[in-house]
Amino acid sequence: MLWIKNGVVVDPKNRINAEKMDLFVKDGKIVEESKVKKGDCKVIDASGKLVVAGGIDMHAHIAGGKINTGRVMRPEEMRVVRNIAGKFRATVGRVLLTAPAIGYEYAKMGYTMSFEAATPPITSPHTHEELDAIPIIDKGALPVFGNWHLVFKCIEEKNLEKLKSLIAWTIERSKGFGVKIVNPGGVEAWMYGGNVKGLDEQVPGFAVTPREIITWLMRANEELNLPHSIHLHCNNLGIPGNYQTTIESIKLANGLKNEKRQILHVTHVQFNSYAGNSWRDVASGAAEIAKIVNSMDNVTIDMGQAIFGHATAMTGDAPFQFTLHKLIGARWSNKDTEVETGAGIVPIGYLPSNPVHTLQWAIGLELGLLIESDKVVLTTDYPNGGPFTEYPYVMAMLMSKKMREGELKRVHQYVQKATTLPSIETEKTLYEVIHMTRSLPARVMGLDKKGHLGIGADADIAIYDLNPLTTDFSNEFDRVYKAFKVSEFTIKDGDVVAKKGELVKEVFGKTFWVDASKKVDVEAVIPDVKSYFDFYTVQFSNYGVDERWLKKSKRIEVI
Amino acid sequence: MMVVELITGRTLDQGATVEEKLGEKYFNAVNYIELDEESFKQLGLKEGDRVKVTSDFGEVVVFAKKSDLPKGVAFIPMGPYANMVIDPSTDGTGMPQFKGVKAKIEKTTERVKTIKELLEAI
Amino acid sequence: MLIIKPKKYFEVCVEAEITPDLALKKVEEVKKFKVFYGNKIVELGELFEISKEGEDKKIVLGGDFSRVKWVGTRMVDGEILVKGSIGTNCGAFMRGGRIIIEKDADDWLGTEMAGGEIIVKGNAKNLVGCAYYGDAVGMSAGKILIEGNAGNYVGDKMSGGEIIIKGNAGDFIGMEMRGGVIEIHGSCGFVGGDMRGGEIRIKGSFEVLPTFKKTEKGWVGDVNVKGEGVVKNF
Amino acid sequence: MEDIVCTFCGSVCDDGEFDVEKRRVKRFCRLGSSKFAEKERIKAPMVEGKEVSYEEAIDYAVEILVNAKHPLLYGWASTVNEAIRLGVILAEKLGGVYDQCASVCHAPGVLAVIEEGLPGGTLGSIKNRAEVVIFWGANPAEAHPRHGLRYSITAKGLLVKDRKQRKVIVVDVRPTKTAKMADIFVQIKPGYDYAILSALRAIISGNADVVPKEVGGVSKEKLIELAEIMKNAKYGAVLYGLGVSQSRGRDRNVENAIKLIQLLNRTTRWIIWPMRGHYNVVGAGEVPAWEVGYSYAIDFSRGYPRFSPAEFSAVEVLNRKDCDAALIVASDPVAHFPASAVKYLKEIPVIQIDPYPNMTTLVSKVVIPSAVYGIEAEGSTYRMDGIVLRVKKILETNYWTDEKILEEMLKRVEKLKG
């Protein structure tokens, strides 16, 4: 039992904005005062400190074939030593971290949950093995659907019931959390060396278009009423002029509604917000994107902020990765995955002296600032935009124009004409930033026990050495940044796991997955799935992950 | 006597007996050298004769076996006999050079050591 | 001048990042310098006899140091004289000063060296003046002289400086080289794969790759990377 | 029992049928069948030849390891990920070296991946899409007997329907059994893979003029023909074997092949993949990669992982006499290491964990028998292309699993190390 005394609580979901109050924790949950015996409680004095829910990273690449291949191909990333073996594991990694390092670094920063953003269903056992190796935080994984022949087939047949069954079957088999779509159709086109350039270009070999793939998966997802909406990585990522494709894709959500959450989540939008015709005249399309997102009530996005320094591009968007490899001449890994999907990995870095990199940095911030705080989640698309350990930088930047002015001076001045960042006056409030990193991602992912501190919530709590009542967020940005870098206390399921940046206890969090197999007749699609197994290299019965293989399974049933 | 480029590698027999290394079948699967017909003639060998293989790194006696190999290339299945003569240096890669070692081959009357004898001799 | 001698045969390798800076310290202080004896952190004085003669910035390593790694790493000035052989990673990231090795050097000699001089009177092994795995650039400046033979992978990704080998070198020399000079007085195997720039001079025999053009300057290539490196006899 | 997963080679076929009564497996190749056959086992844990209990053997082993200055923990290719993970953590706690069978197999390919990346795909991409398959220095007919049937030669795919629609090319130094199944066999001079790959790159990038009349025993005409086939394939795959990674050039050969694939992808689609040997040698690299950042040749003597094949691969550690004890799990280095390395293994205390007696047993001070994964225990393994398969438990046993043995060792090590 835990008694967090006198903290200054910011809990946007429960409309609590910097109120001094006590919190009580029992059996890993936040409970009413009457439920604990105060004498038996471990007391944390949080006087003058900010108390918030643990942070949630709703889109990161933390486990599975991509990051692990990234580690193997980048030993130079692994030379940064973070912890020497002793009471806790040895951890290493500059931006690409080992599994123990991922858990430890999130925890030290006050984050308590993270989602692996893309796993081909067939490789989900690998993804889960790695997720299981990440200590402390809760986890989940999003299987990819946008380039799978079976999905194409259901859409070609215009058979929504089959598509729903396929989604339910796949998510159950892969112990996945939702429906991820990466460059719909484009990755299949890459199998012939191509890509798809617009929403209405036909996917080679199939009578489907990206527009249909997105629309049909969206409809199926809604009829299944999964906790999370479809999670879309748009077509044309990383290509100048792509903001129009992004806007068109966002519009596809028109007309659909869900009481609890968005219909469409568009991810790492920074990489999909480029105006211009080439890298020579590339400019920001963020203002246009913001306009459309703000005008809709059923779309959310995450930033995909670029952080100056090292990064590694890794995505299911295989054709983009090859383009990137050609563009910068760096190492390139690729993985064509059965008839499901593909992926690629390329090392990159963002330099403040490079006009394009600076543009990317600015666009992320524009999105964060121009879009209503109830619709934009803070991410770096780790490790694509950079390390998640720099979220505090983004938080501080969003809250301080002065900090941005300072940063704008040291970067390539191309951003002055190519973006609106220099002219943006907005300073997000702490309440908004806490929402963007806690309650909003929880809502977007459909997790009602996460991202807030109300009674019954999971006791995932972060306490920072920052008094919101006395801090001037516009001017004290340096202190704000430092305070968010390292929590005073991180509490996971009621256990204090980190204190002032030092790990104090290693626990293992849960893996959340969604089971919608009772919602539909899964059998409806099984004959098709089985016939496709002629083209798989594993047997139908050997495909997927059994629940008992997971270290700590948390099944969310959709009825 | 002749000089060959020695390579090693997997064979079905070696693979099928690899979990019974102390048995007769494994012994038979790894204790020979394959040479082309011309080399056989040149060394005056017939199938089953013994040859001594000597490299800069060691020597081993194995049985001779005729095979479809290019002239000047000899093959010993991967395993303890091959490992007596391959180049143990990894040249900085961590990987010894199991393929492509210059070796001298001559007919011999010496016995082929059993696996245990081979190990004792190391 | 500091004189350091092993007290015993080391059961496993020792990692001692000794640089000439130590010669400026008091012997008692030097004895406390931390080194790795396998997984045990021990004091230099526990494994080595240490004495001092005069104040010059020089270290003499007496006896066999072939099982001692990382000597002279990141050194910037002064001198290390190795009376016998030296272990791996000697002179890695070195920026200045001089290392003289009277016998042989092990792998990774002068890795990513950016200045200074290494002289090996005996033989060197593999990966001389290369880049560590994952790094883009090998040796960028300075000089390595090997009076005997060298092993494989000499001057990988080298961008500047000079490597001179009086004897033979192994295989795959100057791969992906961008600048600087490798001079081999004996013979070697393949040279200059994917070479972009720099010069490889060889007195003896070597194997030309099929991607080099014969010109008056010598073999120029590698065409696969539109390279302008030169490989020639001298 | 159906859909049994084979634990012999990297193909990890998962369509076997096991007859418990007859103790026989159907559908697998000769290698797979041998894996499931009954064989002589190590009877009981032994210390210096004397039978002891599991607990006693583990205590004795742990004492050796904890007191060692630099223990080598080697093997891991023939066990499951769950055991490998414990092995990596054990090496970390002990301040030793973790190395795995790839270091005498496909590890040079890892060095190439570090240089250039790995443009690859799963075996299903090859089966369904590849109209040209090149086996380079690989002989699946003997090392991966069902590879051709299931994935690469006669495999029936979605887009490439059968053998007729697929061209198979073998590049090797000798006419192997696989070469005899090929449409084209290119016989090369041993040690010239690198030069030939460079020449192919030059031809494909329009620099055929510099290429001499013959490279590595192959005529320029033949090379041009090969280059044309590669350029004109809609989707091709290079599957390379130990002929590339164990011969002259090793990692550089693979690196050059990857560069060739990069080049081909500018105009068409090609992938490259290693023909990995043991059933879970991929897991022996993947698990340490996520646990500690590297896949092999990892030293923990400083309390954190460092990677250096020239120093910390098992053969180098032994050649340099840089370890003072060894734990060998699911491998037989005495049979597969060069004599110089074996000589040193004979001088230090060796602990072996394995189901079967082998040459390493003969030099081991402590021998701990284990259950056979895929027959007597379940666990996860990675096929050569990284696809995970769960090997199954079919029969009961009294033998402890590698996982249990290592877990007990780890507990004791943690207690002793504090």
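Values below: every heavy atom of this structure, side chains too, minus hydrogens, waters and symmetry copies.
With hydrogens and angles ignored, the 3.5 Å screen pairs a side-chain donor or acceptor of Asn542(A) with a backbone N or O of Asp3(D). Remark: side-chain polar atoms of Gln539(A) are not paired, donor with acceptor, to backbone N or O of Asp14(D) under 3.5 angstrom. Checked by atom type and distance alone, the side chain of Thr98(A) never pairs as donor or acceptor with a backbone atom of Gly293(D) at under 3.5 Å. In this structure, Lys127(D) contributes its side chain and Tyr536(A) its backbone to a donor-acceptor pair below 3.5 Å.
Between Trp549(A) and Arg390(D) there is a side-chain heavy-atom pair separated by less than 4.5 Å. Side-chain contact between Arg89(A) and Val292(D) is present, with at least one heavy-atom pair separated by less than 4.5 Å.
Using a 4.5 Å cut-off between heavy atoms, Val12(D) does not touch chain A at all. Neither the backbone nor the side chain of Arg306(D) has a heavy atom closer than 4.5 Å to any heavy atom of chain A. Contact of Glu378(D) with chain A is made through the side chain alone, with heavy-atom distances under 4.5 Å. Both the backbone and the side chain of Leu158(D) come within less than 4.5 Å of a heavy atom of chain A.
Side-chain contact check for Ser380(D) and Glu129(A): at least one donor-acceptor pair (N or O, by modelled atom type) lies under 3.5 Å.
A salt bridge between Glu188(A) and Arg129(D) is present, with a side-chain N of the basic residue lying under 4.0 Å from a carboxylate O of the acidic one.
Annotation: cation-pi pair Arg269(D)/Trp190(A) present, NZ/CZ under 6.0 Å from the ring centroid and within 45° of its normal.
When each of Thr267(D), Asn128(D), Val113(D), Leu123(D) is scored by its heavy-atom pairs under 4.5 Å with chain A, the top score falls to Asn128(D).
Residue Lys231(D) places its NZ atom among more than 12 non-hydrogen atoms of other residues, nucleotides or ligands, all under 6.0 Å distant.
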